[in-house]
Structure formats: structure tokens, C-alpha cells
Amino acid sequence: MQNPFMDKFMRVVKKEMDRYGCDVTIIRDISSESDYDPVTSTTPQIIKEYPCRGILFDLTLQSNGDGYKHNTLVSQGDKQLFIQPPEDDGWYQDNEVTTIIPNKDSIKIGDKLYKVITFKQINPSTQDSVLFECYVRE
């Protein structure tokens with residue numbers, strides 16, 4: 001049984017994503033070593049795309065004007081991205097995205113491709129994530 005609080009929370013997230021968000025695509029490389037072609041000595045790249053909605057924010061460095069701060073994950077130009085997890089429609093998506101893999105998955109927004117640096121689930125009910133929070137780099 002779904003928690004009534006979570007229903008309300010998910011409705012708020014959906015409403016704000018519809019209002020202020022943009023189209024976002026999670027790009028995952030699902031290639032495996034078993035697809036290796038010994039004739040060409042290559043493994044074909046197999047890409048799976050998951051369309052969803054997201055809101056992108058600029059990050060500010062708290063380093064008094066430095067473009068890069070040593071031993072931190074945040075660099076100049078990085079952005080914070082909140083993603084509404086894609087819904088499993090039962091037909092076209094064979095599995096729901098429950099996590100994003102930093103340094104492996106990519107995010108496409110418009111014609112720009114971003115590398116995922118960090119990932120965090122916002123999951124108040126410990127069941128389904130309501131939002132994904134990522135730091136992304138172009």
C-alpha cells in the first residue's frame with residue numbers, strides 16, 4: 001500500500017518538474033565483454049536511453065574566486081541536476097532506472113552531453129526514489 005504522504009510528495013515533484021523542468025535523457029552503456037568480436041577486435045557499444053524530466057542549476061565554488069579547489073569533487077562549470085526518475089510504463093522500458101552510475105552514465109540535455117560526477121537518491125520512504133540528485137560536468 002502506498003503511503004499517502006509519499007503520494008502527495010510525488011505529486012508536488014511531478015508538478016514542479018512539469019512546470020520548471022526540461023527533457024533529460026539518461027544514457028547508459030549496456031555493452032558487455034561477451035559481445036566481443038574477435039574478427040574486428042572490438043566490442044560494439046550498445047546504448048540504452050531513458051527519457052525523464054530534470055531541473056539544472058549552476059554550482060558556485062566557495063573558494064574566493066578560484067576556478068578549481070584541490071581535493072574537491074566540484075570544478076568550475078559543474079552543475080547540479082535534479083531528475084525525476086523515469087517511470088516503468090510496462091511496455092517500452094524493460095527495467096526501471098533505480099540508480100545512476102557516476103563516471104559511467106551520461107546525461108543529455110538538449111544538444112549537450114554531461115558526465116555524471118556524483119549521484120544521490122532522495123528517498124524519504126525507503127521504497128521508491130522521488131528524485132535523483134547529480135553533479136554533472138560538460
Q. Can you list the steps and then say if T25 with I107 is a side-chain contact (heavy atoms from CB on, under 4.5 Å)?
A. CA-CA 6 Å; T25 303; I107 305 291; over 6 Å; no
Q) Can you check side-chain contact (heavy atoms from CB on, under 4.5 Å) on C52 and Q84, steps first, answer last? A) CA-CA 6 Å; C52 43; Q84 180 183 4; 5.6 Å; no
Q: Start with the C-alpha gap between T43 and D37, add the side-chain angles, then the distance that decides, and say whether side-chain contact (heavy atoms from CB on, under 4.5 Å) holds.
A: CA-CA 6 Å; T43 302; D37 183 0; over 6 Å; no
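Expressed to the nearest 0.5 Å, how far CD of Q80 lies from OH of Y135 amounts to 5.0 Å.
A heavy-atom distance below 4.5 Å is found between the side chains of R53 and D23. A 4.5 Å side-chain heavy-atom check between F119 and I101 finds every atom pair outside the cut-off. Contact check for L131 versus M17: side-chain heavy atoms found under the 4.5 Å cut-off. Using a 4.5 Å cut-off on side-chain heavy atoms (C-beta onward), D78 and V136 make no contact. In this structure the side chain of P102 never reaches within 4.5 angstrom of the side chain of I117, judged on heavy atoms. Using a 4.5 Å heavy-atom threshold, the side chains of T118 and C134 count as separate. Proximity of I100 to I83: side-chain heavy atoms (C-beta onward) are separated by under 4.5 Å at one or more points. With a 4.5 Å cut-off on side-chain heavy atoms, L81 and I109 count as touching.
Residues Y20 and I122 share a hydrophobic cluster, clusters being chains of Ile/Leu/Val/Met/Phe/Trp/Tyr side chains in contact below 4.5 Å. Hydrophobic clustering (ILVMFWY, side-chain heavy atoms < 4.5 Å, transitive): I47 and L113 are in one cluster. Under the 4.5 Å side-chain heavy-atom criterion for grouping Ile, Leu, Val, Met, Phe, Trp and Tyr, I27 is not connected to Y114 through any hydrophobic cluster.
For F82 and F132, the ring centers sit 6.0 Å or farther from each other.
Each salt bridge (charged side-chain N to carboxylate O under 4.0 Å, His left out) pair with one or both residues in residues 98-120, not counting sequence neighbours, appears once here: R28-D105, K120-E133.
Closest approach of P44 and S31 over heavy atoms only: O-OG, 3.1 Å.
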